[in-house]
Amino acid sequence: MEEIKEEGKSLNFVEEIIDNDLKSGKYTSILTRFPPEPNGYLHMGHASSICLNFGIAQKFGGKTNLRFDDTNPVTEDTEYVESIKEDIKWLGFTWANEFYASDYFDKLYEYAIQLIKQGDAYVDDLSSEEIAAQKGTPTEPGQHSPYRDRSTAENLDLFARMKAGEFNEGQKTLRAKIDMASSNMLLRDPLLYRIKFAHHHRTGDKWCIYPMYDFAHGQSDSIENITHSICTLEFIPHRALYDWCIEKLGIYPSHQYEFARLNVNYTVMSKRKLLQLVNERHVSGWDDPRMPTISGMRRRGYTPSAIREFCDRAGISKREKINDISLLEFCVREELNKISLRRMVVFDPIKVIITNLEEELIHLAIENNPEDEHSGTRQVPFTKEIYIEREDFMEHPPKKFFRLAPGQSVRLKGAFIITCNDIVKDIEGNVIEIHCNYIPESRSGNDTSGLKVQGTLHWVSVPFATPVEIREYERLFKVENPNSEEGDFKEYINPESLHIIPIAYAEPAFKEAKQENHFQFLRKGYFFMDKDSNNEHLVFNRTVSLKDSFTKKA
RNA sequence: UGACCUAUGGUGUAACUGGCAACACGUCUGAUUUUGGUUCAGAAGAGUUCAGGUUCGACCCCUGAUAGGUCAACCA
């Protein structure tokens, strides 16, 4: 059934390329790769790439490798490797092989020697500044380095000595000999190797020369026999160099394809900026629920399938775009509506006294999820004193206020219909108690009262109320695209993105709450238990609010 | 005074490769509802950046503009 639906869908441009390659017989099977640099946490943009690379392999019966692009030892760390693996698994994908670019350092070194022998690479003594100065501009050609025509023997000797650690950082580099007049700046004798006396998270101190991205990525793809190497738009100019290396080396011809990275409005999606938010304490960490990181979204209560669904609906193209966060929220709500347990929690309480209730305690069974008939019910105690939401009562209500007001009736969810017949105020005139009559015949499930009311409220029994902490999140930025605004993006941070309610009143069923449960707090939104919770103190993150067509109008 | 990439409702993605622009989100109605949620029914909203050309016919092909983006890190 799912198959048929998939058949009818049109392919994105990458899928189309692969479909054609398979049909034409260019390949009999495909191999993709997801190549993160282990220098930060994965975010929504990576999720899109993961869904593309792994998804495409699944769709066309191929496989996907996970390869850590760890060619810069100063920024990379094992901590990131572990978090990246955890995030990919959590998203629901399995890699065929776990590789590291650093696995190929020996092979890459041989490749470099091959280029030197072919006269396609040379050791340069120029400093970083001098190279930049000789690079030219997009409209003016660059100048040749005075070291460009060293003999093969000299290059070989120098390169070996670079590897042996005879030179200082920055003193020498290995450069490709291509074309200093190319309109593609990347082809103006790009750096292939640089000296770094840095400890590598995997190879330790074995190496003091490290390959640049352009001398590692294509070769790594080739070594693994990657058929379709899919990356983001900014690598388009690199493709010429990618192909140059493969051609000069005469190795397996992997091909690079580029798609537009995924962006979402009201947030930022670059590692650099996210790192700033963390370092400058605008958020509590990489997994702050406001962060667009996978770990942040997981902590917030987003589900893997909702994220996958979002990536799928957002689509793949070559056009730079910013997706609407509301699509993500739609995907999250759509799933959470089906799976979350309904509970009642009063955030801002006002006391209601059921004046005509004789019994001390009535046990009510209320469904856990009306969308799922197998979800069963829970026991909810009903007592003479209950809390309702302060905003659910108005002494002088406008028309169309379907909630509680003097003389007005409402249903208490899963319980009875009540009518407000009196209010108690303090000296300052604030309402502190609402007195109501309940209709015994209106009990949920066997209502014989014949009464109809417009509103249904959530409520919590006062003596049974359990305090919990609530954390509500708003968008992290005040503007849709912080990147395109004047000045620093941090000036546009929303100062009210986190709203904490230290004490909210929850029904007692939370005693059995499990970390992995998703909840819908009736009329409030979807919530997920935070890792800061312990036995005495439960903390809930608002994953996303419910759609609200009432407060919007007001 | 360069090369390369891109251009379809508010947003994102399509249009079976030339046959009078569809789907989703969002928005707005109405119905249903013991969540102002869900569900259901419906509506508004683009004539495809612009100007030419080819064609019986162009979002699609050609020419030329325009706009936005990318490229001159010993980052990836």
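To find a chain, count down the sequence lines: A is the first, B the second, and so on, and within it residues start at 1.
Syn is the classification of B:U17, since its glycosidic angle stays within 90° of 0. More than 90° away from 0 lies the glycosidic angle of B:G26, which makes this nucleotide anti.
Within 4.0 Å of A:H238, counting heavy atoms only, lies at least one base atom of the nucleic acid. Contact annotation for A:R333: no contact, since no heavy-atom pair falls under 4.0 Å across all strands. Backbone-only engagement by A:E37 is indicated by non-hydrogen atom pairs under 4.0 Å involving sugar-phosphate atoms exclusively. Residue A:N184 is classed as having no contact, given no heavy-atom separation below 4.0 Å to the nucleic acid. Using a 4.0 Å heavy-atom cutoff across all strands shown, A:I417 reaches no nucleic acid atom at all. Using a 4.0 Å heavy-atom cutoff across all strands shown, A:G142 reaches no nucleic acid atom at all. Among the protein residues, A:P36 comes within range of no part of the nucleic acid, since none of its heavy atoms lies under 4.0 Å from any strand. Using a 4.0 Å heavy-atom distance criterion, A:L522 is classed as a base contact. Across all strands shown, A:K413 has heavy atoms under 4.0 Å from base atoms, whether or not it also approaches the sugar-phosphate. As judged by a 4.0 angstrom heavy-atom cut-off over every strand, A:G455 is placed among residues making no nucleic acid contact. Residue-level contact check: A:Y210 touches neither bases nor backbone, having no heavy atom under 4.0 Å from any strand. Using a 4.0 Å heavy-atom cutoff across all strands shown, A:E309 reaches no nucleic acid atom at all. Looking at heavy-atom distances under 4.0 Å, A:S128 makes contact with a base. Looking at heavy-atom distances under 4.0 Å, A:L233 makes no contact with the nucleic acid at all.
Closest to the side chain of A:N72, from the set B:A76, B:C5, B:U1, is B:A76. Nearest to the side chain of A:F235, among B:A24, B:A76, B:A72, sits B:A76. The A:K196 side chain lies nearest to B:C75 when the options are B:G36, B:C75, B:C71.
Between the CZ atom of A:R261 and the P atom of B:G12 there is a distance of 16 Å, given to the nearest Å. With rounding to whole Å, A:L262 atom CG is found 13 Å from B:U11 atom C1'. Atom CD of A:E367 is separated from atom C1' of B:U33 by 12 Å (rounded to the nearest Å). Taking atom CZ of residue A:F310 and atom P of nucleotide B:G26, one finds them 13 Å apart after rounding to whole Å. Between the NZ atom of A:K23 and the C1' atom of B:C16 there is a distance of 11 Å, given to the nearest Å. Distance, A:I366 CD1 to B:U35 P: 12 Å, rounded to whole Å. In this structure, the CD1 atom of A:I84 is 12 Å from the C1' atom of B:A76, given to the nearest Å. The distance from atom CD of A:E329 to atom P of B:U27 is 11 Å, rounded to the nearest whole Å.
If you take atom P in B:G68 and the same atom in B:A31, they sit 48 Å apart, rounded to whole Å. Rounded to a whole angstrom, the distance from the C1' atom of B:G10 to that of B:C20 is 25 Å. Atom P of B:G69 sits at a distance of 25 Å from the matching atom of B:C74, rounded to the whole Å. The separation of B:G2 from B:G47, taken at their C1' atoms, amounts to 36 Å, rounded to a whole angstrom. Distance noted for atom C1' between B:U48 and B:C60: 10 Å (whole Å). Here, B:A41 and B:C25 have their P atoms 13 Å apart, quoted to the whole Å. The separation of B:U49 from B:A7, taken at their C1' atoms, amounts to 7 Å, rounded to a whole angstrom. Remark: the separation of the P atoms in B:G26 and B:C62 is 38 Å, to the nearest Å.
Judged by atom type and distance alone, A:E480 does not reach the base of B:G10 through any side-chain donor-acceptor pair under 3.5 Å. One can find a donor-acceptor pair under 3.5 Å joining the base of B:U35 and the side-chain atoms of A:Q520. One can find a donor-acceptor pair under 3.5 Å joining the base of B:U35 and the side-chain atoms of A:R342. In this model, no side-chain donor or acceptor of A:R313 finds a partner on the base of B:G12 within 3.5 Å.
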Evaluation steps, salt bridge (charged side-chain N to carboxylate O under 4.0 Å, His left out), between A:R239 and A:E258: CA-CA 9 Å; A:R239 190 174 61 230; A:E258 311 86 10; 2.7 Å; yes
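Using cut-offs of 30° and 60° for the angle between ring planes, the A:F99 and A:Y104 rings count as tilted. Taking the six-membered ring where tryptophan is involved, the planes of A:Y213 and A:F235 are tilted, since the angle between them lies from 30° to 60°. Using the six-membered ring where Trp is involved, A:Y100 and A:F68 have ring planes that are parallel, under 30° apart on the 30 and 60° scheme. Relative orientation of the A:Y242 and A:H217 rings is tilted, given thresholds of 30° and 60° on the angle between their planes.
Taking side-chain N and O atoms only, A:S317 has a distance below 4.0 Å to OP1 or OP2 of B:U13. Using a 4.0 Å cut-off, no side-chain N or O of A:K400 falls inside it from OP1 or OP2 of B:G36. For B:A76, one of the phosphate oxygens OP1 or OP2 lies less than 4.0 angstrom from a side-chain nitrogen or oxygen of A:T71. Taking only side-chain nitrogens and oxygens, A:K271 never comes nearer than 4.0 Å to OP1 or OP2 of B:C75. Contact between the side-chain N/O atoms of A:R523 and the OP1/OP2 oxygens of B:G36 is found at a separation under 4.0 Å. Between A:R194 and B:C75 there is a side-chain N or O to OP1 or OP2 distance below 4.0 Å. Phosphate proximity of B:U8 to A:R319: present, with a side-chain N or O under 4.0 Å from OP1 or OP2. Considering only side-chain N and O atoms, A:S549 lies under 4.0 angstrom from the phosphate OP1 or OP2 of B:G37.
Side-chain N/O atoms of A:E329 and A:Y526 include no donor and acceptor closer than 3.5 Å.
Separating the CZ atom in A:F489 from the CG atom in A:N481 is a distance of 12.0 Å, to the nearest 0.5 Å.
A:F159 and A:Y109 have their aromatic ring centers within a separation under 6.0 angstrom. Taking the six-membered ring for Trp, A:F167 and A:F197 have ring centres at least 6.0 Å apart. Ring centroids of A:Y438 and A:F416 are separated by less than 6.0 Å, placing the two rings close together.
Using a 5.5 Å limit on the distance between ring centres and a 30° limit on the angle between planes, the aromatic ring of A:F330 does not count as stacked on the six-membered base ring of B:G26. Here A:Y213 does not lie in a stacked arrangement on the base of B:A76, lacking the combination of planes under 30° and ring centres under 5.5 Å apart.
Salt-bridge check for A:D221 with A:R67: passed, with a basic side-chain N closer than 4.0 Å to an acidic carboxylate O.
Under the side chain to side chain contact (heavy atoms under 4.5 Å, CB included) test applied with A:Y302, the options A:I294, A:L336, A:I307 reduce to a single match, A:I307.
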Could you spell out the base pairing of RNA chain B as a dot-bracket line? Use Watson-Crick and G-U wobble contacts where both distances are under 3.5 Å, [ ] for crossing pairs, | for partners on a different strand. .((((((..((((.....[..)))).(((((.......))))).....(((((..]....))))))))))).....
